[in-house]
Amino acid sequence: MATFMEVLDTSVANVSLTHIAGNLSASTDEATWVLTSYLVSNAVILPASSWLSRRFGRRRFLITCITIFTLASVLCGMATSLGFLILARIIQVPEEALCNRSPKR
């Protein structure tokens, strides 16, 4: 499920980049920050996923990640400015990455 969430989220962001720019009155270059925030968030949070999973338990950790991802997705959908969308993506993406890479016991 987590892999599906990641692939779907990445595909949607890539395909809709021009629409995001147009609807939020931003240039395409500015809108690429939506994708850049995804990549940077992944790079920052991935090293912590194993530790967090062991610390809180894999099941609890996964449920928490999915819940935060869902709430952040709602925030992305409600975004009225590029800055707010980028902030919501920064919240969303690490949770998605952690869900997908939480180690199995």
Side-chain angles (χ1 to χ4, degrees):
M1 182 165 138
T3 303
F4 173 74
M5 288 172 22
E6 185 168 353
V7 170
L8 179 66
D9 188 48
T10 303
S11 299
V12 167
N14 282 320
V15 169
S16 63
L17 195 59
T18 55
H19 296 287
I20 290 170
N23 288 334
L24 298 177
S25 301
S27 69
T28 305
D29 289 338
E30 291 171 329
T32 57
W33 278 101
V34 172
L35 301 175
T36 302
S37 66
Y38 175 88
L39 296 172
V40 171
S41 296
N42 266 331
V44 169
I45 201 67
L46 281 178
S49 64
S50 178
W51 179 82
L52 289 169
S53 181
R54 284 192 309 263
R55 173 82 169 99
F56 299 109
R58 187 169 188 267
R59 183 176 183 193
R60 181 181 301 165
F61 179 64
L62 182 62
I63 291 169
T64 302
C65 285
I66 291 171
T67 302
I68 294 172
F69 173 81
T70 303
L71 294 173
S73 294
V74 170
L75 291 176
C76 286
M78 293 174 23
T80 58
S81 69
L82 185 61
F84 186 78
L85 178 60
I86 291 170
L87 179 64
R89 287 283 289 173
I90 289 171
I91 295 168
Q92 178 188 43
V93 176
E95 302 310 324
E96 176 183 344
L98 292 174
C99 287
N100 194 32
R101 291 162 181 88
S102 61
K104 296 178 180 152
R105 291 186 179 201

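All values derive from a computational prediction rather than experimental measurement. Position 1 is the first residue of the sequence, and the numbers go up from there.
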*Asks:* If you round to the nearest 0.5 Å, how far is CG of Leu24 from OG1 of Thr80?
*Replies:*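 Between atom OG1 of Thr80 and atom CG of Leu24 there are 8.0 Å.
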*Asks:* Can you give me the closest heavy-atom contact between Leu75 and Ala88, atom names plus distance?
*Replies:*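 Scanning both residues completely, I find the closest heavy atoms to be CB-CB, 3.9 Å.
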*Asks:* Return the OG1 to CG distance between Thr67 and Leu62, rounded to the nearest 0.5 Å.
*Replies:*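 So the gap between those two atoms works out to 9.0 Å.
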*Asks:* Hey, could you give me the CZ/CZ distance between Arg55 and Phe61, rounded to the nearest 0.5 Å?
*Replies:*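 Between Arg55 CZ and Phe61 CZ, I get 12.5 Å after rounding to 0.5 Å.
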*Asks:* Examine distances only and state if a side-chain atom of Ser16 and a backbone atom of His19 form a donor-acceptor pair shorter than 3.5 Å.
*Replies:*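 Side chain of Ser16 to backbone of His19: no pair is present.
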*Asks:* Mind checking whether Val34 and Leu82 have side chains closer than 4.5 Å, heavy atoms only?
*Replies:*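 Counting from C-beta outward, Val34 and Leu82 do come under 4.5 Å.
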*Asks:* Rounded to the nearest 0.5 Å, what's the gap from CD on Gln92 to CD1 on Ile90? Could you check?
*Replies:*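 Rounded to the nearest 0.5 Å, the CD-CD1 separation comes to 11.5 Å.
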*Asks:* To the nearest 0.5 Å, tell me how far Glu30 CD sits from Ile20 CD1.
*Replies:*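 Atom-to-atom, Glu30:CD and Ile20:CD1 are 13.0 Å apart.
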*Asks:* If the test is side-chain contact (heavy atoms from CB on, under 4.5 Å), which one of Thr32, Leu85, Ile86 qualifies with Ser37?
*Replies:*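 Filter result, single survivor: Ile86.
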*Asks:* Taking atom CG of Leu35 and atom CG of Asn14, what is their separation to the nearest 0.5 Å?
*Replies:*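 Leu35 atom CG to Asn14 atom CG measures 5.0 Å (nearest 0.5 Å).
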